[in-house]
Amino acid sequence: MDDHEFMSVEEYDDLINNPGEFFLTKVIPRKYKTLSFLSELQVSDPLESMFFGQLEIFDRPDVRIALDALKEAGRAAKVWNQGWSEIFAEFDKQGIPLGAGVGHPCPFDLLADTTRGLLNTVMDIYSCPDKVLAAVDVMTEICIKQAVGRTKNVGLKYLFIPLHAGVDEFMSPEHYKKFYWPGLQKMICALVENDITPYIFCEGKYHQRLDIISDVPPGKVIYTFEDVDMRKAKETVGKVACIGGNLPTSLLAYGKKEQVVEATKRLLDIGAPGGGFLMDCSMILDNAKRENLEAWEETTRLYGKY
(Lines give C-alpha, C1' and ligand atoms only; values in the text may rest on other atoms or scores of the structure.)
Protein backbone atom coordinates (compact mmCIF):
# COMPACT_ATOMS: atom_id res chain seq x y z
CA MET A 1 0.00 0.00 0.00
CA ASP A 2 1.33 3.42 -0.98
CA ASP A 3 0.39 5.66 1.96
CA HIS A 4 1.54 9.28 2.25
CA GLU A 5 1.08 12.05 4.80
CA PHE A 6 0.35 15.53 3.41
CA MET A 7 -1.05 16.98 6.62
CA SER A 8 0.35 16.80 10.14
CA VAL A 9 -1.84 16.11 13.16
CA GLU A 10 -1.30 19.72 14.29
CA GLU A 11 -2.94 21.03 11.10
CA TYR A 12 -6.46 19.68 11.57
CA ASP A 13 -7.79 23.11 12.51
CA ASP A 14 -6.27 24.68 9.39
CA LEU A 15 -8.08 22.14 7.23
CA ILE A 16 -11.36 22.47 9.12
CA ASN A 17 -11.39 26.29 9.15
CA ASN A 18 -10.40 26.89 5.52
CA PRO A 19 -10.19 23.72 3.40
CA GLY A 20 -9.77 25.57 0.09
CA GLU A 21 -6.75 27.55 1.23
CA PHE A 22 -5.33 24.53 3.03
CA PHE A 23 -5.37 22.34 -0.07
CA LEU A 24 -3.98 25.12 -2.27
CA THR A 25 -1.12 26.23 -0.03
CA LYS A 26 -0.35 23.03 1.92
CA VAL A 27 -1.50 19.80 0.34
CA ILE A 28 -0.86 20.52 -3.36
CA PRO A 29 2.68 21.92 -2.92
CA ARG A 30 3.57 18.94 -0.73
CA LYS A 31 2.25 16.48 -3.27
CA TYR A 32 3.79 18.13 -6.32
CA LYS A 33 7.28 19.54 -5.72
CA THR A 34 7.17 21.59 -8.91
CA LEU A 35 4.31 23.55 -7.36
CA SER A 36 6.04 24.09 -4.01
CA PHE A 37 5.88 27.87 -4.51
CA LEU A 38 2.15 27.74 -3.71
CA SER A 39 3.07 27.33 -0.05
CA GLU A 40 4.35 30.94 -0.10
CA LEU A 41 1.10 32.50 -1.30
CA GLN A 42 -1.03 34.43 1.21
CA VAL A 43 -4.40 33.93 -0.46
CA SER A 44 -6.50 34.81 2.58
CA ASP A 45 -5.25 38.40 2.89
CA PRO A 46 -8.05 40.65 1.52
CA LEU A 47 -5.79 43.69 1.16
CA GLU A 48 -5.22 44.24 -2.59
CA SER A 49 -1.85 45.88 -2.15
CA MET A 50 -0.58 42.79 -0.35
CA PHE A 51 -1.91 40.55 -3.11
CA PHE A 52 -0.32 42.57 -5.90
CA GLY A 53 2.91 42.79 -3.97
CA GLN A 54 3.33 39.04 -3.83
CA LEU A 55 2.71 38.65 -7.57
CA GLU A 56 6.45 39.15 -7.95
CA ILE A 57 6.81 35.49 -7.05
CA PHE A 58 5.56 34.55 -10.51
CA ASP A 59 8.69 36.04 -12.08
CA ARG A 60 11.02 33.63 -10.29
CA PRO A 61 12.78 31.03 -12.49
CA ASP A 62 11.40 28.09 -10.49
CA VAL A 63 7.86 29.44 -10.73
CA ARG A 64 8.21 29.95 -14.50
CA ILE A 65 9.16 26.28 -14.74
CA ALA A 66 6.13 25.38 -12.63
CA LEU A 67 3.81 27.43 -14.87
CA ASP A 68 5.21 25.73 -17.97
CA ALA A 69 4.60 22.37 -16.28
CA LEU A 70 1.00 23.40 -15.59
CA LYS A 71 0.54 24.29 -19.25
CA GLU A 72 1.77 20.85 -20.28
CA ALA A 73 -0.45 19.24 -17.67
CA GLY A 74 -3.38 21.23 -19.03
CA ARG A 75 -2.76 19.99 -22.54
CA ALA A 76 -2.48 16.41 -21.32
CA ALA A 77 -5.70 16.78 -19.31
CA LYS A 78 -7.49 18.07 -22.40
CA VAL A 79 -6.40 15.03 -24.39
CA TRP A 80 -7.44 12.74 -21.52
CA ASN A 81 -10.88 14.34 -21.23
CA GLN A 82 -11.44 14.29 -24.99
CA GLY A 83 -10.53 10.61 -25.03
CA TRP A 84 -13.09 9.80 -22.37
CA SER A 85 -15.71 11.82 -24.23
CA GLU A 86 -15.03 9.80 -27.38
CA ILE A 87 -15.28 6.54 -25.45
CA PHE A 88 -18.57 7.60 -23.86
CA ALA A 89 -19.92 8.66 -27.25
CA GLU A 90 -19.00 5.33 -28.84
CA PHE A 91 -20.65 3.38 -26.04
CA ASP A 92 -23.78 5.47 -26.48
CA LYS A 93 -23.68 4.93 -30.26
CA GLN A 94 -23.47 1.17 -29.75
CA GLY A 95 -26.33 1.25 -27.28
CA ILE A 96 -24.15 0.01 -24.42
CA PRO A 97 -25.06 1.36 -20.94
CA LEU A 98 -22.19 3.35 -19.49
CA GLY A 99 -22.87 2.49 -15.88
CA ALA A 100 -20.54 4.13 -13.36
CA GLY A 101 -18.26 5.98 -15.76
CA VAL A 102 -17.03 8.38 -13.07
CA GLY A 103 -16.04 7.83 -9.48
CA HIS A 104 -15.35 9.66 -6.23
CA PRO A 105 -14.10 8.59 -2.79
CA CYS A 106 -16.29 8.82 0.30
CA PRO A 107 -15.58 11.53 2.94
CA PHE A 108 -13.43 9.48 5.33
CA ASP A 109 -11.34 8.11 2.48
CA LEU A 110 -10.88 11.59 1.01
CA LEU A 111 -9.27 12.60 4.29
CA ALA A 112 -7.29 9.37 4.67
CA ASP A 113 -6.26 8.68 1.06
CA THR A 114 -5.38 12.15 -0.16
CA THR A 115 -4.49 14.23 2.89
CA ARG A 116 -3.64 12.80 6.31
CA GLY A 117 -2.65 9.29 5.26
CA LEU A 118 -4.62 6.11 5.89
CA LEU A 119 -2.62 4.76 8.81
CA ASN A 120 -2.39 8.19 10.46
CA THR A 121 -6.13 8.79 10.14
CA VAL A 122 -7.04 5.46 11.67
CA MET A 123 -4.71 6.18 14.62
CA ASP A 124 -6.10 9.73 14.94
CA ILE A 125 -9.44 8.14 15.76
CA TYR A 126 -7.91 7.33 19.14
CA SER A 127 -5.68 10.37 19.71
CA CYS A 128 -7.92 13.22 18.46
CA PRO A 129 -11.38 11.83 17.60
CA ASP A 130 -13.16 15.21 17.63
CA LYS A 131 -10.73 16.61 15.05
CA VAL A 132 -11.27 13.61 12.80
CA LEU A 133 -15.06 13.99 13.02
CA ALA A 134 -14.87 17.70 12.21
CA ALA A 135 -12.53 17.05 9.27
CA VAL A 136 -14.80 14.32 7.90
CA ASP A 137 -17.72 16.77 8.08
CA VAL A 138 -15.72 19.19 5.92
CA MET A 139 -14.83 16.40 3.49
CA THR A 140 -18.49 15.35 3.32
CA GLU A 141 -19.55 18.71 1.90
CA ILE A 142 -16.67 18.60 -0.60
CA CYS A 143 -17.55 15.04 -1.65
CA ILE A 144 -21.23 15.80 -2.19
CA LYS A 145 -20.55 18.91 -4.26
CA GLN A 146 -17.88 17.26 -6.41
CA ALA A 147 -19.61 13.90 -6.82
CA VAL A 148 -22.97 15.31 -7.84
CA GLY A 149 -21.38 17.91 -10.11
CA ARG A 150 -19.02 15.52 -11.90
CA THR A 151 -21.72 12.92 -12.53
CA LYS A 152 -24.20 15.44 -13.89
CA ASN A 153 -21.56 17.14 -16.04
CA VAL A 154 -20.97 13.96 -18.03
CA GLY A 155 -24.66 13.08 -18.16
CA LEU A 156 -24.42 9.80 -16.25
CA LYS A 157 -26.82 8.24 -13.75
CA TYR A 158 -24.33 6.18 -11.71
CA LEU A 159 -21.37 7.13 -9.53
CA PHE A 160 -18.69 4.64 -8.52
CA ILE A 161 -17.62 4.90 -4.86
CA PRO A 162 -14.72 2.64 -3.80
CA LEU A 163 -14.52 2.12 -0.04
CA HIS A 164 -10.94 1.84 1.21
CA ALA A 165 -10.47 2.42 4.94
CA GLY A 166 -13.78 0.82 5.88
CA VAL A 167 -12.52 -2.78 5.79
CA ASP A 168 -12.97 -4.96 8.87
CA GLU A 169 -9.26 -4.94 9.69
CA PHE A 170 -8.90 -1.15 9.96
CA MET A 171 -11.65 -0.23 12.41
CA SER A 172 -14.23 -1.77 14.70
CA PRO A 173 -17.94 -1.74 13.82
CA GLU A 174 -18.42 0.95 16.48
CA HIS A 175 -15.76 3.18 14.94
CA TYR A 176 -17.11 2.49 11.47
CA LYS A 177 -20.56 3.61 12.57
CA LYS A 178 -19.19 6.76 14.23
CA PHE A 179 -16.42 7.93 11.88
CA TYR A 180 -16.92 6.28 8.49
CA TRP A 181 -20.60 5.69 7.92
CA PRO A 182 -22.22 9.11 8.64
CA GLY A 183 -20.33 10.91 5.86
CA LEU A 184 -20.81 8.04 3.43
CA GLN A 185 -24.51 7.78 4.24
CA LYS A 186 -24.99 11.53 3.75
CA MET A 187 -23.19 11.30 0.42
CA ILE A 188 -25.36 8.36 -0.66
CA CYS A 189 -28.57 10.20 0.24
CA ALA A 190 -27.44 13.37 -1.59
CA LEU A 191 -26.72 11.36 -4.74
CA VAL A 192 -30.10 9.63 -4.57
CA GLU A 193 -31.83 12.98 -4.11
CA ASN A 194 -30.16 14.12 -7.34
CA ASP A 195 -31.36 11.03 -9.23
CA ILE A 196 -27.91 9.44 -9.22
CA THR A 197 -27.43 5.78 -8.25
CA PRO A 198 -24.45 5.17 -5.94
CA TYR A 199 -22.46 2.15 -7.18
CA ILE A 200 -20.47 1.25 -4.07
CA PHE A 201 -17.54 -1.17 -4.08
CA CYS A 202 -16.82 -2.57 -0.60
CA GLU A 203 -13.13 -3.40 -0.85
CA GLY A 204 -11.57 -6.05 1.39
CA LYS A 205 -13.44 -7.94 4.09
CA TYR A 206 -16.92 -6.58 4.83
CA HIS A 207 -18.40 -9.13 7.23
CA GLN A 208 -18.98 -6.79 10.20
CA ARG A 209 -20.77 -3.80 8.59
CA LEU A 210 -23.73 -5.31 6.75
CA ASP A 211 -26.41 -4.06 9.17
CA ILE A 212 -24.87 -0.58 9.21
CA ILE A 213 -24.69 -0.12 5.43
CA SER A 214 -28.28 -1.35 5.07
CA ASP A 215 -29.54 2.03 6.29
CA VAL A 216 -29.98 3.55 2.81
CA PRO A 217 -32.94 4.58 0.63
CA PRO A 218 -34.57 1.29 -0.49
CA GLY A 219 -34.06 0.32 -4.11
CA LYS A 220 -31.68 3.19 -4.88
CA VAL A 221 -28.20 1.81 -4.18
CA ILE A 222 -25.86 -0.87 -5.57
CA TYR A 223 -23.28 -2.61 -3.38
CA THR A 224 -20.61 -4.92 -4.76
CA PHE A 225 -18.28 -6.88 -2.50
CA GLU A 226 -14.77 -8.23 -2.66
CA ASP A 227 -14.97 -10.52 0.36
CA VAL A 228 -18.24 -11.07 2.19
CA ASP A 229 -20.57 -13.82 3.34
CA MET A 230 -22.97 -13.41 0.44
CA ARG A 231 -25.76 -15.24 2.23
CA LYS A 232 -25.63 -12.73 5.10
CA ALA A 233 -25.36 -9.88 2.61
CA LYS A 234 -28.49 -11.15 0.86
CA GLU A 235 -30.36 -11.31 4.17
CA THR A 236 -29.38 -7.77 5.20
CA VAL A 237 -28.19 -5.37 2.50
CA GLY A 238 -30.01 -7.38 -0.16
CA LYS A 239 -33.36 -6.35 1.32
CA VAL A 240 -32.81 -2.67 0.48
CA ALA A 241 -30.18 -2.59 -2.31
CA CYS A 242 -28.85 -4.50 -5.28
CA ILE A 243 -25.83 -6.61 -4.33
CA GLY A 244 -23.11 -8.31 -6.35
CA GLY A 245 -19.46 -9.29 -6.60
CA ASN A 246 -17.61 -11.77 -4.39
CA LEU A 247 -16.69 -14.21 -7.18
CA PRO A 248 -12.87 -14.38 -6.81
CA THR A 249 -11.17 -12.60 -9.69
CA SER A 250 -8.17 -14.86 -9.06
CA LEU A 251 -10.39 -17.81 -9.98
CA LEU A 252 -11.08 -16.31 -13.41
CA ALA A 253 -7.39 -15.66 -13.95
CA TYR A 254 -5.85 -18.84 -12.57
CA GLY A 255 -8.61 -21.35 -11.82
CA LYS A 256 -10.10 -24.14 -13.86
CA LYS A 257 -13.26 -23.90 -15.93
CA GLU A 258 -15.06 -26.38 -13.68
CA GLN A 259 -14.24 -24.30 -10.60
CA VAL A 260 -15.63 -21.17 -12.26
CA VAL A 261 -18.88 -22.94 -13.14
CA GLU A 262 -19.25 -24.26 -9.59
CA ALA A 263 -18.54 -20.89 -7.96
CA THR A 264 -20.93 -19.09 -10.32
CA LYS A 265 -23.77 -21.51 -9.65
CA ARG A 266 -23.16 -21.26 -5.90
CA LEU A 267 -23.38 -17.46 -6.04
CA LEU A 268 -26.55 -17.57 -8.12
CA ASP A 269 -28.18 -20.02 -5.71
CA ILE A 270 -27.61 -17.51 -2.91
CA GLY A 271 -28.05 -14.16 -4.63
CA ALA A 272 -30.57 -14.67 -7.43
CA PRO A 273 -33.78 -15.66 -5.53
CA GLY A 274 -36.07 -12.64 -5.31
CA GLY A 275 -33.95 -10.56 -7.68
CA GLY A 276 -31.64 -7.68 -6.89
CA PHE A 277 -28.42 -9.58 -7.63
CA LEU A 278 -25.69 -8.52 -10.07
CA MET A 279 -23.16 -11.13 -11.14
CA ASP A 280 -19.69 -9.63 -10.77
CA CYS A 281 -16.19 -10.63 -9.74
CA SER A 282 -14.40 -9.56 -6.57
CA MET A 283 -12.20 -6.82 -8.03
CA ILE A 284 -11.02 -5.20 -11.26
CA LEU A 285 -10.55 -7.80 -13.98
CA ASP A 286 -7.24 -7.07 -15.71
CA ASN A 287 -6.45 -10.59 -16.81
CA ALA A 288 -8.34 -13.85 -17.14
CA LYS A 289 -8.44 -17.09 -19.09
CA ARG A 290 -10.78 -16.81 -22.05
CA GLU A 291 -12.35 -20.20 -21.36
CA ASN A 292 -13.07 -19.12 -17.78
CA LEU A 293 -14.75 -15.90 -18.89
CA GLU A 294 -16.87 -17.79 -21.40
CA ALA A 295 -17.83 -20.38 -18.79
CA TRP A 296 -18.71 -17.59 -16.35
CA GLU A 297 -20.98 -15.88 -18.88
CA GLU A 298 -22.64 -19.08 -20.09
CA THR A 299 -23.32 -20.30 -16.56
CA THR A 300 -24.75 -16.95 -15.52
CA ARG A 301 -27.06 -16.79 -18.54
CA LEU A 302 -28.18 -20.40 -18.11
CA TYR A 303 -28.83 -20.45 -14.36
CA GLY A 304 -29.40 -16.75 -13.72
CA LYS A 305 -32.80 -16.53 -15.38
CA TYR A 306 -35.86 -15.66 -13.35
Is any NZ, NE, NH1 or NH2 atom of the basic residue among [X] and [Y] found under 4.0 Å from an Asp or Glu carboxylate oxygen of the other?
X: K186; Y: E141; answer: yes
X: R290; Y: E294; answer: yes
X: K177; Y: E174; answer: no

Does [X] use its side chain to pair, donor to acceptor, with the backbone of [Y] at less than 3.5 Å?
X: N120; Y: E5; answer: no
X: K234; Y: P273; answer: yes
X: R30; Y: F6; answer: yes
X: R150; Y: V102; answer: no
X: N292; Y: G255; answer: yes
X: D215; Y: D211; answer: no
X: D109; Y: A165; answer: yes

Do the side chains of [Y] and [X] get nearer than 4.5 Å, heavy atoms only?
X: L191; Y: T197; result: no
X: V237; Y: V221; result: no
X: D124; Y: K131; result: no
X: E203; Y: P162; result: yes
X: L184; Y: Y176; result: yes
X: T299; Y: V260; result: no
X: K78; Y: N81; result: no
X: V132; Y: F108; result: yes

Could you state whether [X] and [Y] fall into the same hydrophobic cluster, counting links through intermediate Ile, Leu, Val, Met, Phe, Trp or Tyr residues with side-chain heavy atoms under 4.5 angstrom apart?
X: M283; Y: V228; result: no
X: I188; Y: F201; result: no
X: I222; Y: L267; result: no

Answer yes or no: does atom [atom1] of [X] have more than 12 heavy-atom neighbours from other residues, nucleotides or ligands under 6.0 Å?
X: I284; atom1: CD1; value: no
X: K31; atom1: NZ; value: yes
X: N287; atom1: CG; value: no
X: R60; atom1: CZ; value: yes
X: K220; atom1: NZ; value: no

Is the [X] ring parallel, tilted or perpendicular to the [Y] ring (thresholds 30°, 60°)?
X: Y158; Y: Y199; result: perpendicular
X: W80; Y: W84; result: perpendicular
X: H175; Y: F179; result: perpendicular

(request) Test K205 against every option in D229, D227, D168 by the salt bridge (Lys or Arg N to Asp or Glu O under 4.0 Å) rule and name the one that passes. (result) D227
(request) Please test E72 against R75 for salt bridge (charged side-chain N to carboxylate O under 4.0 Å, His left out), starting from the C-alpha separation and ending with a verdict. (result) CA-CA 5 Å; E72 288 300 316; R75 281 189 280 268; 2.3 Å; yes
(message) Once side-chain hydrogen bond (donor to acceptor under 3.5 Å, both in side chains) is applied, what residue pairs with a partner in residues 255-282 remain, sequence neighbours excluded?
(response) T249-S282
(request) Would you check if there is a donor-acceptor pair between the side chains of E90 and Q94 at a distance under 3.5 Å? (result)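 There is such a pair between these side chains.
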